[in-house]
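A short worksheet on the structure shown next.
Keep in mind that this is a model prediction, so the values were computed, not measured.
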2 protein chains.
Amino acid sequence: MAMAEKLTGAARDAALARLPHWRAAKERDAIERRLVFRDFSQAFAFMTRVALAAEAADHHPEWFNVYKIVDIVLTTHDADGLSQRDIDLAHKIDAFAADFGI
Amino acid sequence: MAMAEKLTGAARDAALARLPHWRAAKERDAIERRLVFRDFSQAFAFMTRVALAAEAADHHPEWFNVYKIVDIVLTTHDADGLSQRDIDLAHKIDAFAADFGI
(Lines give C-alpha, C1' and ligand atoms only; values in the text may rest on other atoms or scores of the structure.)
Protein backbone atom coordinates (compact mmCIF):
# COMPACT_ATOMS: atom_id res chain seq x y z
CA MET A 1 0.00 0.00 0.00
CA ALA A 2 1.27 3.49 -0.82
CA MET A 3 2.20 5.73 2.07
CA ALA A 4 -0.71 7.88 3.13
CA GLU A 5 -0.36 11.55 2.33
CA LYS A 6 -1.18 14.14 4.96
CA LEU A 7 -4.29 16.18 4.19
CA THR A 8 -3.77 19.91 4.29
CA GLY A 9 -5.34 23.19 3.23
CA ALA A 10 -8.48 23.21 1.12
CA ALA A 11 -8.54 19.44 0.66
CA ARG A 12 -8.53 18.98 4.43
CA ASP A 13 -11.22 21.63 4.93
CA ALA A 14 -13.44 20.10 2.26
CA ALA A 15 -13.08 16.61 3.72
CA LEU A 16 -13.96 17.80 7.23
CA ALA A 17 -16.94 19.79 5.93
CA ARG A 18 -18.43 16.50 4.77
CA LEU A 19 -18.02 14.98 8.25
CA PRO A 20 -20.24 17.13 10.48
CA HIS A 21 -20.25 14.55 13.30
CA TRP A 22 -16.49 14.85 13.66
CA ARG A 23 -14.37 17.60 15.10
CA ALA A 24 -10.68 18.33 14.87
CA ALA A 25 -8.78 17.14 17.95
CA LYS A 26 -7.29 19.90 20.06
CA GLU A 27 -3.77 18.64 20.65
CA ARG A 28 -3.11 16.55 17.55
CA ASP A 29 -3.73 16.49 13.81
CA ALA A 30 -6.62 14.06 14.17
CA ILE A 31 -10.41 13.94 14.15
CA GLU A 32 -12.64 12.62 16.90
CA ARG A 33 -16.24 11.62 17.46
CA ARG A 34 -18.13 10.52 20.57
CA LEU A 35 -20.95 8.03 20.02
CA VAL A 36 -23.52 7.23 22.67
CA PHE A 37 -25.43 4.00 22.19
CA ARG A 38 -28.35 2.52 24.12
CA ASP A 39 -26.19 0.10 26.09
CA PHE A 40 -22.96 -1.89 25.99
CA SER A 41 -24.42 -4.53 23.69
CA GLN A 42 -25.15 -1.93 21.01
CA ALA A 43 -21.83 -0.19 21.55
CA PHE A 44 -19.81 -3.37 21.16
CA ALA A 45 -21.80 -4.54 18.14
CA PHE A 46 -20.91 -1.22 16.53
CA MET A 47 -17.26 -1.62 17.54
CA THR A 48 -17.19 -5.05 15.96
CA ARG A 49 -18.30 -3.65 12.61
CA VAL A 50 -15.69 -0.92 12.84
CA ALA A 51 -13.03 -3.49 13.73
CA LEU A 52 -13.82 -5.55 10.65
CA ALA A 53 -13.72 -2.51 8.37
CA ALA A 54 -10.52 -1.25 10.00
CA GLU A 55 -8.78 -4.58 9.59
CA ALA A 56 -9.87 -4.85 5.96
CA ALA A 57 -8.46 -1.38 5.25
CA ASP A 58 -5.39 -2.01 7.43
CA HIS A 59 -6.15 1.30 9.13
CA HIS A 60 -7.20 1.25 12.76
CA PRO A 61 -8.85 3.66 15.17
CA GLU A 62 -7.74 4.76 18.59
CA TRP A 63 -10.81 4.27 20.70
CA PHE A 64 -12.09 4.23 24.24
CA ASN A 65 -15.23 2.53 25.47
CA VAL A 66 -17.07 2.58 28.74
CA TYR A 67 -20.50 0.98 28.77
CA LYS A 68 -22.56 2.75 26.09
CA ILE A 69 -20.03 5.40 25.13
CA VAL A 70 -17.44 5.01 22.36
CA ASP A 71 -14.86 7.77 21.80
CA ILE A 72 -12.94 7.46 18.56
CA VAL A 73 -9.84 9.28 17.36
CA LEU A 74 -8.61 8.88 13.81
CA THR A 75 -5.17 9.84 12.61
CA THR A 76 -2.51 8.33 10.37
CA HIS A 77 0.81 7.65 12.02
CA ASP A 78 2.58 7.12 8.70
CA ALA A 79 1.46 10.56 7.54
CA ASP A 80 2.04 12.20 10.93
CA GLY A 81 -1.49 13.61 10.74
CA LEU A 82 -4.84 13.32 9.06
CA SER A 83 -5.01 11.47 5.75
CA GLN A 84 -7.64 10.26 3.30
CA ARG A 85 -7.54 6.91 5.08
CA ASP A 86 -8.99 8.59 8.18
CA ILE A 87 -11.66 10.31 6.12
CA ASP A 88 -12.65 7.00 4.52
CA LEU A 89 -12.85 5.24 7.89
CA ALA A 90 -14.83 8.12 9.38
CA HIS A 91 -17.46 7.80 6.66
CA LYS A 92 -17.74 4.06 7.31
CA ILE A 93 -18.08 4.71 11.04
CA ASP A 94 -20.85 7.23 10.38
CA ALA A 95 -22.68 4.69 8.23
CA PHE A 96 -22.42 1.99 10.92
CA ALA A 97 -23.64 4.45 13.56
CA ALA A 98 -26.54 5.46 11.34
CA ASP A 99 -27.63 1.82 11.26
CA PHE A 100 -28.20 2.20 15.02
CA GLY A 101 -30.09 5.44 14.48
CA ILE A 102 -27.32 7.66 15.77
CA MET B 1 -28.34 -8.19 41.80
CA ALA B 2 -27.13 -7.00 45.19
CA MET B 3 -25.21 -3.75 45.28
CA ALA B 4 -21.50 -4.35 45.02
CA GLU B 5 -19.60 -3.66 48.21
CA LYS B 6 -16.38 -1.68 48.11
CA LEU B 7 -13.28 -3.72 48.89
CA THR B 8 -11.12 -2.26 51.63
CA GLY B 9 -8.31 -3.19 53.99
CA ALA B 10 -7.02 -6.73 54.16
CA ALA B 11 -9.64 -8.11 51.78
CA ARG B 12 -8.55 -5.59 49.14
CA ASP B 13 -4.86 -6.30 49.71
CA ALA B 14 -5.39 -10.05 49.47
CA ALA B 15 -7.40 -9.72 46.26
CA LEU B 16 -4.74 -7.54 44.62
CA ALA B 17 -1.95 -9.88 45.72
CA ARG B 18 -3.58 -12.57 43.59
CA LEU B 19 -3.58 -10.24 40.54
CA PRO B 20 0.11 -9.56 39.87
CA HIS B 21 -0.58 -8.31 36.31
CA TRP B 22 -2.73 -5.49 37.68
CA ARG B 23 -1.78 -2.34 39.50
CA ALA B 24 -3.81 0.12 41.48
CA ALA B 25 -4.73 3.20 39.46
CA LYS B 26 -3.12 6.41 40.62
CA GLU B 27 -6.03 8.80 40.66
CA ARG B 28 -8.98 6.52 41.36
CA ASP B 29 -9.96 3.47 43.38
CA ALA B 30 -9.54 1.16 40.40
CA ILE B 31 -7.13 -1.39 38.95
CA GLU B 32 -5.54 -1.30 35.53
CA ARG B 33 -3.63 -3.53 33.17
CA ARG B 34 -2.01 -2.93 29.79
CA LEU B 35 -1.99 -5.85 27.38
CA VAL B 36 0.14 -5.91 24.23
CA PHE B 37 -0.92 -8.40 21.58
CA ARG B 38 0.71 -9.39 18.31
CA ASP B 39 -1.58 -7.24 16.21
CA PHE B 40 -5.06 -5.72 16.02
CA SER B 41 -6.67 -9.01 15.06
CA GLN B 42 -5.45 -10.66 18.26
CA ALA B 43 -6.29 -7.62 20.37
CA PHE B 44 -9.85 -7.41 19.10
CA ALA B 45 -10.41 -11.16 19.42
CA PHE B 46 -9.39 -10.79 23.06
CA MET B 47 -11.68 -7.77 23.48
CA THR B 48 -14.58 -9.77 22.09
CA ARG B 49 -14.13 -12.47 24.72
CA VAL B 50 -13.95 -9.83 27.43
CA ALA B 51 -17.08 -8.16 26.06
CA LEU B 52 -19.06 -11.38 26.22
CA ALA B 53 -17.93 -12.09 29.78
CA ALA B 54 -18.60 -8.50 30.83
CA GLU B 55 -22.09 -8.53 29.39
CA ALA B 56 -22.87 -11.88 31.03
CA ALA B 57 -21.77 -10.49 34.41
CA ASP B 58 -23.38 -7.10 33.76
CA HIS B 59 -20.09 -5.53 34.76
CA HIS B 60 -18.12 -3.69 32.11
CA PRO B 61 -14.57 -2.44 31.69
CA GLU B 62 -13.32 0.99 30.76
CA TRP B 63 -10.88 0.30 27.99
CA PHE B 64 -8.77 1.91 25.33
CA ASN B 65 -7.39 0.23 22.23
CA VAL B 66 -4.97 1.32 19.59
CA TYR B 67 -3.75 -1.38 17.21
CA LYS B 68 -2.21 -4.12 19.35
CA ILE B 69 -2.47 -2.39 22.71
CA VAL B 70 -5.42 -2.72 25.08
CA ASP B 71 -5.50 -0.65 28.28
CA ILE B 72 -8.15 -1.74 30.77
CA VAL B 73 -9.42 -0.03 33.92
CA LEU B 74 -11.77 -1.81 36.28
CA THR B 75 -13.85 -0.11 38.94
CA THR B 76 -17.40 -0.37 40.23
CA HIS B 77 -19.44 2.81 39.95
CA ASP B 78 -22.15 1.51 42.29
CA ALA B 79 -19.54 0.88 44.97
CA ASP B 80 -17.63 4.09 44.27
CA GLY B 81 -14.46 2.01 44.04
CA LEU B 82 -13.05 -1.45 43.67
CA SER B 83 -15.37 -4.39 44.36
CA GLN B 84 -15.32 -8.15 44.06
CA ARG B 85 -16.94 -7.75 40.66
CA ASP B 86 -13.77 -6.08 39.40
CA ILE B 87 -11.61 -8.82 40.88
CA ASP B 88 -13.72 -11.49 39.21
CA LEU B 89 -13.54 -9.74 35.83
CA ALA B 90 -9.78 -9.21 36.19
CA HIS B 91 -9.27 -12.95 36.69
CA LYS B 92 -11.33 -13.69 33.58
CA ILE B 93 -9.32 -11.13 31.61
CA ASP B 94 -6.06 -12.73 32.77
CA ALA B 95 -7.34 -16.14 31.65
CA PHE B 96 -8.31 -14.82 28.22
CA ALA B 97 -4.92 -13.11 27.86
CA ALA B 98 -3.16 -16.33 28.88
CA ASP B 99 -4.88 -18.10 26.00
CA PHE B 100 -2.87 -15.73 23.76
CA GLY B 101 0.30 -16.49 25.64
CA ILE B 102 0.42 -13.15 27.42
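Note: the hydrophobic cluster containing B:V73 does not contain B:W63 (ILVMFWY, side chain heavy atoms under 4.5 Å, direct or indirect links). B:Y67 and B:I72 fall within a single hydrophobic cluster, where Ile, Leu, Val, Met, Phe, Trp and Tyr side chains are chained together by heavy-atom contacts under 4.5 Å.
The local environment of CG in B:D39 is crowded, with over 12 non-hydrogen atoms from other residues, nucleotides or ligands closer than 6.0 Å. Residue-environment remark: NZ (A:K6) exceeds the threshold of 12 foreign heavy atoms within 6.0 Å.
Using a 4.5 Å heavy-atom cut-off against chain B, the contacting residues of residues 42-56 of chain A are A:F44, A:M47, A:T48, A:A51, A:E55. Among the residues in residues 86-102 of chain A, none has a non-hydrogen atom closer than 4.5 angstrom to a non-hydrogen atom of chain B. The stretch residues 17-27 of chain A places none of its residues near chain B, where near means some heavy atom under 4.5 Å from a heavy atom of that chain.
A:D71 meets the salt bridge (charged side-chain N to carboxylate O under 4.0 Å, His left out) test with A:R34; sequence neighbours excluded.
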